[in-house]
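First the structure, in the form of structure tokens, and then the observations on it.
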Amino acid sequence: MMACSRTCSRILGLSLGTTALFAAGANMVLLFPNWDVTYLLRGLIGKHAMLGSGLWGGGLMVLIAATLISLMGWRRGCFSKSRPCRSILTALLSSGLAMLGALICFITSGVALKDGPFCMFDISSFNQTQAWKYGYPFKDLHNRNYLYDYSLWNSVCLEPFKAVIWHVSFFSALLCISLLQILLVVINFFNTLLDLFCSLCEKS
């Protein structure tokens with residue numbers, strides 16, 4: 001059972017590490033709409049992407065936790081001769097770190113999808129003044145949900161090109177990745193409890 005628990009830790013650590021890299025990659029892509037660096041240089045990137053929760057939350061925090069979980073699974077480094085209580089405490093702290101990072105990424109991605117993309121739009125559709133500005137046009141559409149109304153995807157945002165598709169695609173990816181991370185952390189938590197139970201059984 002102990003060997004099975006360690007094998008599970010190795011798989012979970014590798015899986016979490018992989019999802020962390022994907023989360024960081026997805027957040028990086030959001031900083032370059034249509035692969036154009038000028039929007040970032042001009043400060044025309046939405047606050048949700050600039051917050052970088054996929055980089056430091058679902059990315060770095062989860063990656064650190066994944067590394068610790070993997071080390072415990074392989075019994076490498078300072079965990080090679082560590083006592084069960086120390087290993088289990090580290091596993092729980094790692095799970096907490098990964099859970100926090102994944103939750104931050106999940107919540108930020110959900111809010112980003114709710115608010116819509118940061119883009120240039122014609123404000124004459126909201127008042128009688130002919131003007132264009134950067135902002136969150138879908139925040140003011142209280143009676144319509146842009147996520148389900150595809151007619152709005154190419155008609156509201158004038159710049160960047162296909163801003164809605166870019167925004168929805170990568171924030172949806174971050175949402176799914178963080179959800180998967182939460183699931184993996186929960187599995188790791190139960191795996192840690194199993195490891196503790198097995199350790200107590202061996203001592204008795």
Side-chain angles (χ1 to χ4, degrees), residues 1-31 45-115 167-204:
M1 290 293 287
M2 290 287 286
C4 180
S5 178
R6 286 195 292 268
T7 301
C8 188
S9 293
R10 297 168 196 165
I11 296 171
L12 288 170
L14 178 62
S15 301
L16 275 172
T18 304
T19 60
L21 294 177
F22 276 112
N27 203 137
M28 281 295 294
V29 172
L30 283 164
L31 298 176
I45 302 296
K47 59 184 178 182
H48 309 101
M50 287 299 294
L51 182 61
S53 61
L55 289 170
W56 58 267
L60 183 60
M61 290 174 69
V62 174
L63 186 61
I64 292 171
T67 303
L68 291 172
I69 292 169
S70 294
L71 287 172
M72 286 182 291
W74 289 102
R75 293 293 191 264
R76 297 288 174 85
C78 59
F79 300 107
S80 57
K81 295 180 181 179
S82 61
R83 295 181 178 179
C85 289
R86 178 184 170 185
S87 296
I88 290 162
L89 178 61
T90 306
L92 291 174
L93 290 175
S94 300
S95 296
L97 180 65
M99 179 65 78
L100 179 61
L103 281 173
I104 290 171
C105 186
F106 180 82
I107 293 170
T108 304
S109 300
V111 173
L113 287 171
K114 176 183 174 293
D115 291 346
H167 180 87
V168 171
S169 297
F170 289 102
F171 271 116
S172 294
L174 277 175
L175 194 74
C176 293
I177 290 169
S178 56
L179 190 60
L180 177 59
Q181 288 174 339
I182 292 170
L183 177 62
L184 290 171
V185 170
V186 171
I187 294 172
N188 184 65
F189 176 75
F190 285 108
N191 182 60
T192 303
L193 292 180
L194 176 64
D195 197 10
L196 175 61
F197 177 75
C198 293
S199 300
L200 292 175
C201 288
E202 284 186 354
K203 287 185 177 181
S204 58

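All figures in this text were calculated on a predicted structure; none of them were measured in a lab.
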**Asked** Under 4.5 Å between any side-chain heavy atoms of Asn27 and Trp56, yes or no?
**Response** no
**Request:** Determine the minimum heavy-atom distance between Leu97 and Ala65, stating which atoms define it.
**Result:** CD2-N, 4.2 Å
**Asked** Less than 4.5 Å apart, any side-chain heavy atom of Leu113 and any of His48?
**Response** no
**Prompt:** Mind checking whether Leu174 and Leu30 have side chains closer than 4.5 Å, heavy atoms only?
**Reply:** yes
**Asked** Any side-chain heavy atom of Thr108 within less than 4.5 Å of one from Val111?
**Response** no
**Prompt:** Looking at OG1 of Thr19 and CG of Leu179, how far apart are the two atoms once the value is rounded to the nearest 0.5 Å?
**Reply:** 11.5 Å
**Prompt:** Within a radius of less than 6.0 Å around CZ of Phe22, do more than 12 heavy atoms belonging to other residues, nucleotides or ligands occur?
**Reply:** no
**Message:** Can you give me the closest heavy-atom contact between Ala23 and Gly58, atom names plus distance?
**Reply:** CB-O, 3.7 Å
**Asked** Would a 4.5 Å heavy-atom cut-off, applied to side chains only, mark Ile177 and Cys105 as touching?
**Response** no
**Request:** Could you check if a side-chain atom of Ile104 sits within less than 4.5 angstrom of a side-chain atom of Leu100, using non-hydrogen atoms only?
**Result:** yes
**Item:** Nearest heavy atoms of Val62 and Leu16, plus distance in Å
**Value:** CG1-O, 3.7 Å
**Item:** Exercise: identify the closest heavy-atom pair between Ala20 and Gly59
**Value:** CB-O, 3.3 Å
**Prompt:** Do any N or O atoms from the side chain of Ser178 and from the backbone of Leu175 form a donor-acceptor pair under 3.5 angstrom?
**Reply:** yes
**Fill in**
Between the OG atom in Ser15 and the CG atom in Leu180, the distance rounded to the nearest 0.5 Å is 8.0 Å
**Message:** Minimum heavy-atom separation for Gly17 and Ala66, please, with both atom names.
**Reply:** N-CB, 3.4 Å
**Asked** Would you call Leu103 and Gln181 a side-chain contact if the rule is heavy atoms closer than 4.5 Å?
**Response** no
**Prompt:** To the nearest 0.5 Å, what is the distance between CZ (Phe171) and SG (Cys176)?
**Reply:** 13.5 Å
**Heavy-atom pair with the smallest gap, counting every atom of Ile69 and Ser94** = CG1-CB, 4.0 Å
**Asked** Are any of the side-chain heavy atoms of Asn188 and Leu184 separated by less than 4.5 Å?
**Response** no
